Amino acid sequence: MENHYNPKDVEAKWQSFWQEQQTFRASEDRSKKKYYLLEMFPYPSGRIHMGHVRNYAIGDVAARFKRMQGFNVLHPMGWDAFGMPAENAAIEHGTHPAKWTYENIDSMRRQLEKIGLSYDWKREFATCDADYYRWEQLVFLKMFEKGLAYKKGSSVNWCDDCQTVLANEQVEDGCCWRCHNPVEQKELEQWFFKITDYADELLECADNLSGWPERVLAMQRNWIGKSYGCEIVFTVADSSQQIKVFTTRPDTLFGATFMSLAPEHPLVETLVTEEQRAAVSQFMEEVAGQDKTARISGDLEKKGVFTGSYCLNPLTGQKIPVFLANFVLMDYGTGAVMAVPAHDQRDFEFARKYGLSLQVVIQPEGEDFVAEQLTEAYTGSGVLVNSGQFDGLDNEAAKEKIAEYLDSRGEGRKTVNYRLRDWGVSRQRYWGTPIPIIYCDSCGAVPVPEKDLPVKLPMDVELTGEGGSPLAKHQEFMQVACPKCGQPARRESDTFDTFVESSWYFARYACPDYQDGPLDKTAANYWLPVDQYIGGIEHAVMHLLYARFYTKILRDLGMIDVDEPFTNLLTQGMVCKETQRCSEHGWLYPEQVVDGKCVLCQRPVSFGRTEKMSKSKKNVIDPNQLIEQYGADTARLFSLFAAPPEKDLEWNEQGVEGCSRFLSRVWRAVSDNLDAIAAADMATEVSGEAAELKRKIHQTIKKVSEDIDGRFHFNTAIAAVMELVNAIYAFKSTANNPGIMREALETVVRLLNPFVPHICEELWQQLGHTDGIEAAGWRAGMTRRWLPMK
RNA sequence: GCGAGAGUGGCGGAAUUGGUAGACGCGCUGGUCUUAGGAACCAGUGUCUUUCGACGUGGGGGUUCGAGUCCCCCCUCUCGCACCA
């Protein structure tokens, strides 16, 4: 047989067809309903990996499906191009980050093109283009004007390996999210975005994001960490100084028998008495010596030290000792905790350790707690006792009453507290967006005038990797006249966190060439919000929270009219593969294992676990090789068929073979029947076997449509088409029913098109159609009479 | 500890609202065609049982004519957060 399936030729043919025809260009066609589909854009590392293939294949199914359904689909692609790897590569190989980045972009674009993704490449941009970041600088100036961007000195997370500051969201288990080095604390002046102003709105809107996985919303809620409580003022004994605490349990205030401060609390210095100074210093040294990871890892013993000072319980008037405690955190609440040992487990342990007194103030029904006999704190509900005028109240009611009472005496007020901190955006790195600020000795921090934007990143910079902002050493860049007074001044040498760029790129795709501002409001309002966003779960509280925040900023600056950037979110699982390990030689490549033994030492190999593909585990499949061997359609099909999109996908070579076999089967089904159905017309009356096939055809159309649309059950959609193909092979009366066979074949080709577009375009053409397959549409066209062949 | 989710054949996974559990694929078994088969096609493949049949969705109870699915209790695993006051 002559007509064999040759993926390489077919794919090259249709990829150039799409390019020539500009099949996937999008415009603001208001006669159709818009559908904005977006996958998280990649960092241009230079090589695509299977995670990219899966992510973009998932998105491409939705894009092609929606287009066939008649939607006006926007499906853009670009590059998250600023960041550390470019700088590191520059230091290592002596190339310039810009050269490295743009070369990688070219190479990755070529690799992506081989997958046959239906992007509107005309809208492509890289975030390191001055045409992009200039608008980010402009937005910053507007934020600065409104007080939403500000500079302050504070203790910040420092990664010594990356030589830069990190936002709280970028610290995982006390380590840098990128390089996993332990993070230190450092006192630095930094720029911040006031995300805390939006904490409530970010929380409230989360309740309406019904198209988001609950898991992601829960993580964001947790991260924002809103808790209702009370701020209470304790006056220091024999002093006018005051210590503020935040508590969610004002009902236990009568049981507060001591006070715990964070070792970093600003009042520590003035509270420490002469007798206690030595003990406190020793304690402080001990705390400072503990590295942050150990402190975070949990089971740290509760320790503290008496300051020598006392403060007054505002309700009892009792003098209570002020301690420093290692478990009190300066960056949560006020850095001071009123300790109620009878009703808080940590305070209980602390009190027992240091012989401090306990007072029971909550008594549940049927119990009679006595302070001396408690073996653990009672944290449940009950009725107030030992609480003066509040005795007998239910503790929930008492929270209100005591808060009101304190408020009336100016000693406290109801308040809410958030775990969320403002977003620190300064980075002491070169390859990023320069922060458009000028420091003048007489005028202070002066914004760069809008007309002087962009503040371009200079290209002739020396990168040594020895620390300090590289831009600070660039005299020409740094020296500038103050825009206000004209005196010599210096530029800000820090750059933005690269998460700032990714916080609004989705909006810029609506108008990538717009020259009069960050966004063409008409275009942005037409396309936004993104109808379907697809990407990894790892950005649940970084990118996805920042992008929501930034969208609200752009809205409040009057640049767009949407509240939320992404209506529906799909978090796809990782691509995993079995690892193999030798006790002597570590991780092994598959070809280093023969008969379950290590080829280097003949020791038996331990059956590795299935883990995320990574170079270090030697379990990576290179998509380029895969495409070379099987073709892009097979690579796409496997990554869509082997698991539902949101689950982890286990790589399986035989599964890939199976998908390749299926495509050959589809190809053969068409070519074997081409002659028989050449003159076929639609069969209106069918019976017996033909009627059964007809039913199967239409059941499959329904099933595939429902599985793709909104549910993203691609694996079952593909399974349904496989069933139809099986039915085609089982169908024996084509000679009598050429029409029904044609209908069956055309249905298969059309239903598979979103998944494996190259082979489908080709077969569609072989079936006698001259327009591209997307023009045929999805459902309406399915039952329509086909065009006669030639 | 708090929050989210998951436990189904040898494996990946189906079963939209309670209605034939195991679709589809991989693997495996047998067959056809072949010089050959690691191609293609056909048949079979949850477990136990010679058969009839019985049993089967982590374990235990319950609701129901009917439960993988709903309710209660327990076990295990994954992910996220965590001295959060």
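Per chain, numbering begins at 1; letters A, B, ... match sequence-line order. Predicted, not measured: the structure shown is a model, and the values here were computed from it.
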The side chain to side chain contact (heavy atoms under 4.5 Å, CB included) partners of A/Asn652 (sequence neighbours excluded) come to A/Phe638, A/Gln654
Would you mind listing every salt bridge (charged side-chain N to carboxylate O under 4.0 Å, His left out) that reaches into residues 708-717 of chain A, with sequence neighbours excluded? A/Lys66-A/Asp709, A/Asp707-A/Arg711
Table of protein N/O atoms under 3.5 Å from nucleotides 40-43 of chain B N/O atoms:
{"residue": "B/rA40", "atom": "O3'", "partner": "A/Arg668", "partner atom": "NH1", "Å": "3.4"}
{"residue": "B/rA40", "atom": "O3'", "partner": "A/Arg668", "partner atom": "NH2", "Å": "3.4"}
{"residue": "B/rC41", "atom": "OP1", "partner": "A/Arg665", "partner atom": "NH1", "Å": "2.6"}

Distance check, P atoms only: B/rG25 and B/rC72, in whole angstrom units. 39 Å
Tell me which residues in residues 210-227 of chain A put a heavy atom below 4.0 Å from RNA chain B, sorted by number, or none. A/Glu214, A/Arg215, A/Ala218, A/Met219, A/Asn222
Based on the glycosidic angle (syn within 90° of 0, else anti), state the conformation of B/rG9. syn
Going by ring-ring contact (aromatic ring centres under 6.0 Å, His included), A/Tyr198 matches just one of A/Trp423, A/Tyr546, A/Tyr418, A/Phe549. Which one? A/Phe549
What nucleotide among B/rC26, B/rC83, B/rA85 has an atom nearest to a side-chain atom of A/Phe327? B/rC83
Residues that A/Val233 engages under side chain to side chain contact (heavy atoms under 4.5 Å, CB included), provided they are two or more places apart: A/Gln242, A/Lys244
side-chain hydrogen bond (donor to acceptor under 3.5 Å, both in side chains) with A/Gln532: which residues, sequence neighbours excluded? none
Only counting residues at least two apart or in another chain, list the ones meeting side chain to side chain contact (heavy atoms under 4.5 Å, CB included) with A/Glu628. A/Lys8
Without decimals, in angstroms, what is the distance between A/Met330 CE and B/rC84 P? 17 Å
Sorted by first residue and then second, give each salt bridge (charged side-chain N to carboxylate O under 4.0 Å, His left out) pair with at least one member in residues 640-662 of chain A; sequence neighbours left out. none
Rounded to whole angstroms, how far apart are CG on A/Leu649 and C1' on B/rC11? 14 Å
Between B/rC33 and B/rA23 - P atom distance, rounded Å: 30 Å
Whole-Å distance, A/Met574 CE to B/rC79 P, equals 8 Å
For RNA chain B, determine which residues of residues 637-648 of chain A have any heavy atom closer than 4.0 angstrom to one of its atoms, and list them numerically. A/Phe641, A/Ala642, A/Pro644, A/Lys647, A/Asp648
Applying side chain to side chain donor-acceptor pair (under 3.5 Å), which residue pairs with at least one partner in residues 335-345 of chain A are found, sequence neighbours left out? A/Asp344-A/Arg346, A/Gln345-A/Glu349
For A/Ala669, check side chain to side chain contact (heavy atoms under 4.5 Å, CB included) against everything at least two apart and list the hits. A/Ile728, A/Tyr729, A/Leu745
Taking salt bridge (charged side-chain N to carboxylate O under 4.0 Å, His left out) as the cut-off, I'd like each qualifying pair that reaches into residues 205-221 of chain A, sequence neighbours left out, listed once. A/Asp207-A/Arg221, A/Glu214-A/Arg221
Can you confirm whether or not the ring centre of A/Phe306 sits under 6.0 Å from the ring centre of A/Tyr354? no
When the P atoms of B/rA4 and B/rC52 are considered, how many whole Å apart are they? 49 Å
